[in-house]
S.K.: 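Before anything else, here's the structure in question.
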Amino acid sequence: MTTENIVGFVELPSATDKLHCWKVRNGSSVRVGETIGLISKNANESGAGANTSNLEVSVVKSHKRPKRRMRPGDTVVATFEVTTTADSITTNSAVESASASEPKQDLCPLICSTDGILRIGRPPSTTEGQNSATIIGYIVKCLHPTVIEGLCAVCGNSMELLTSNKQAYSPEKVDDSVNMSRVTVAGVTVTISESEGQRMAEEDAERLRSQRKLSLVLDLDHTLVHATNDVRAQQYLHREDVRNLVLPMITVSESGHEQAMLKNNFWMQQHFVKLRPHVKEFLEMALALYEVGVYTAGTREYAEQITIMLARHLVGATRDQPDLEHLRYQVQSAESEFARHEAKSGGNTDQAHDADHADEQGNQAAETTDGKSRKRKRVTFTASKMDEKTDGVTAGKMAEMKQELEGVERLEAEAQEMRQKLFGSRVVSRTDVGDLGRDVKSLKRVFPCGGTMAVVVDDREDVWANAGEVAASTRKGEPPENLLLVRPYHWHRFVGYADVNNAAGFDLTRSQNEGDDESDEQLLWTSDILKRLHTRFYAKNTEDKDKTVADVLRSMRQEVLLGGSLVLSGLIPLHKQKGESNGPRPAVIRYAESLGAKVLPNVTSHTTHVVAAKDGTDKILAARQIPGCFVVKASWLMECIWTLKRSDEGKHLLGPPPQKKLADLPANDSDDDDDDDLVAELENELLNED
Amino acid sequence: MFYVKTLSHEIVLEPVHFGQKLRATLVRLLKEQVEGLALANYGYVVNVIEVPEDQIKSGVIEYDTGSVIFTVQYTALLLRPFIHEVLDAVVSQCNPLGFFAFVGPLRIFVSKHSMPEDMFNGFDGEKDAWISDDKEVVIASGSGVRLKIKGRTVEQGNITAIGTIKDNYLGLIDDGEAQGPV
């Protein structure tokens, strides 16, 4: 901090005074009128502590720690406290109650004159007119690095945040000078200043680089899981990848705000969650290469439950919260029953004797609450075994149940650990950023100053595009470049069931659901993309410190369809074909252009692909004349986007394959004379045929 | 900290409660409504100590609804954070910007700037705890800390305060392994 704003000085009243002790530490915030030190009036050299000069007093001693509470069994740890110096005056008004170890001195309080942060020592530059001998400290302005609920976290003053406009995601200003931005950390939304945000970003970047990791922000719904609260889904619980969880119901009150039903009402609904295929491999890969976080449109409880469920899946635990509680309850009730029987029957020695004995006690126990069953048993005079008496709870069974419970508990503990390791506190839910609205996700909330090392995986782009503040390189209305789109996941069995949170993203291949969604490979594709991205990013790590994830992704995308020349047919409505240069491009054009292909309005001899919604249009007929030009469905383009690889056109052909297949377009070069090559090859082929 | 004060509260009583047990109902309703509430300048009402029943004056009938409004005086035990006060609190949550601690219903936030210099960079993401340089002090969820209040605000029916542990003799006092009360 080179330029600190000095607002006041700490001055001794007169030159003969000596500072006895400081009451606050260097760097603490102080207020007007607060006692920040004690001054001894008479310059008595025999004071305890033998301070010879004012400056020596201000030598920073280490922080004194309070005495810990002793717990039974604690050994006395050598503490770092200095307990018997004259500084152990605990109250501010302790001038009179100076400890006995020091000789009588007049101690006056040193009062602070302004609000701010105290710095002990000579101020860096004294202005003229100040007597530097009596200045022992100075007060600087508090920079309000963190503001929570309207209070500065350092100086405790109420901040009046001046918002430039009334939107929730624009930077706010404090004192007209410092930009503050909201950030959500671990479920709490606080406001931090720009410098603080930058410092956080630097720390994060440091940490990530040292571990050779990047940041990954995942969406949950339709990206990793498909959740529904429809009761019909109950029939699928037997599957390993279908889980259930219980959540309080959310109602929308008249004012439009969402409120969770009070738990007292016990209006909890059961939700059923289908995990996407390959989610385990995906998460395992992510764990190794990325620092994973979650940004979901669900509530906080939903986010927490799903993250634990994912952790359980990774660990191999199959019992979810309701099952776990049920099991615990079972074991507990079995235990208590067993214990009761043990106590009553007192051992296993003589069966007949015990039978009678138990019968008697059964009679006696008739009045007890659990005696109903034994009342019935009273009638059996045969030498019934212990098994029957204890309602089937034998020692053997008990041990089994206990073991099972132990195993499950152990797995649960492992799952909790795994969850901590995987996600930590990096979970952002809709309730945390409530002020953003239901359909907006903003990367700025998670990474206020940066996000240059972050990748987002989501099935919806529009929520990210709706955020007011995006990086400078993004066109307005378009999602940020470090967003990896994935195919929205719908489990076919759950189709038609109610959606829990927001709807899935727009799927251009909506009529193309495969028969059995077990063949959904999106997570494998994304996992591959992430691996490639990571390798590329850290490939030349010494060279380009300013390389961002967005840059790397952009270059990766550009290589996919480089040299391709696309014509779209039947995909963009006429009114959008005008092509405003500043507005958001229609999605299909955006995908094609980001993949490196050129989008032309008409078919030419250079056209390599025609992406069409249905067969039989003019453009398609024209394209069939051109050898080597593929006529493909929109699913081809989407698959290219989802895998970031040039998909096999053969799987997405619309109609017959093109005549005379040429050599494949080069996938990874970026020559400018690609088109010339194509034309040359075409001519060669034609010539050869002749 | 805690203090006692005489306050007054308006209770709207519906006609169904009229009758023999009017005063008892008033007292019961008062307790239900007021205990746990955070009043703007007074703090949290921890308990209603006494409602001098003879002091309850007659109520005023509302013309529109037929309910009666009683103004009840009562003595309440209040919890309020005072600036520069030193309190013992229980840590509930640690995050990279600081930690949250609770004194009953009162939430206190201690930012990393208000921690001693040897703890400034001590946030451990894996364990969700603040650890000092010499590893002696570990502030995690459930630990007891002694902190000094620096500022407070009331919003949305909750009181939030800002605290510091930077001064001498402030900081961790309890490991929090056993479930001990504050």
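Each chain gets a letter, A, B and so on, in the order the sequences are listed, and its residues count up from 1.
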S.K.: Could you walk me through whether V137(B) and R65(A) satisfy the side chain to side chain contact (heavy atoms under 4.5 Å, CB included) test, starting with their C-alpha distance in whole Å, then the side-chain angles of each, then the deciding distance to 0.1 Å, before giving a yes or no?
M.R.: CA-CA 9 Å; V137(B) 177; R65(A) 295 177 181 161; 3.5 Å; yes

S.K.: Does F120(B) CZ have over 12 foreign heavy atoms under 6.0 Å away?
M.R.: yes

S.K.: As a quick check of understanding, evaluate side chain to side chain contact (heavy atoms under 4.5 Å, CB included) for K166(B) and S29(A), giving each step before the final call.
M.R.: CA-CA 10 Å; K166(B) 199 168 184 147; S29(A) 70; over 6 Å; no

S.K.: Under the salt bridge (Lys or Arg N to Asp or Glu O under 4.0 Å) test, which residues partner D133(B), sequence neighbours left out?
M.R.: none

S.K.: Determine, step by step, whether D167(B) and S28(A) satisfy the side chain to side chain contact (heavy atoms under 4.5 Å, CB included) criterion, reporting the C-alpha distance in whole Å, the side-chain angles of both residues, the deciding distance to 0.1 Å, and the verdict.
M.R.: CA-CA 7 Å; D167(B) 292 338; S28(A) 286; 3.1 Å; yes

S.K.: Quick check on E203(A) against chain B: is it the side chain, the backbone, both or neither that has a heavy atom closer than 4.5 Å?
M.R.: side chain

S.K.: At what distance, to the nearest 0.5 angstrom, does NZ of K23(A) lie from NE2 of H84(B)?
M.R.: 13.5 Å

S.K.: To check you understand the geometry: which heavy-atom pair defines the closest contact between I173(B) and P66(A), and what is its length?
M.R.: CG2-CG, 3.6 Å

S.K.: Would you indicate whether the side-chain heavy atoms of R25(A) and N168(B) approach each other to under 4.5 Å?
M.R.: yes

S.K.: Check the surroundings of atom CD1 in I61(B): do more than 12 heavy atoms from other residues, nucleotides or ligands lie under 6.0 Å from it?
M.R.: no

S.K.: Given the options E417(A), R199(A), R207(A), which has more heavy-atom pairs under 4.5 Å with chain B than any of the others?
M.R.: R199(A)

S.K.: Pick whichever of T164(B), I149(B), D128(B), N121(B) has the most heavy-atom pairs under 4.5 Å with chain A.
M.R.: D128(B)

S.K.: Heavy-atom distances under 4.5 Å only: say whether R31(A) touches chain B with side chain, backbone, both or neither.
M.R.: side chain

S.K.: Evaluate K112(B) against T146(A) for side chain to side chain contact (heavy atoms under 4.5 Å, CB included), listing each step before the verdict.
M.R.: CA-CA 9 Å; K112(B) 56 195 275 195; T146(A) 310; over 6 Å; no

S.K.: Counting heavy-atom pairs under 4.5 Å to chain A, which of I83(B), N158(B), V86(B), V110(B) comes out on top?
M.R.: I83(B)

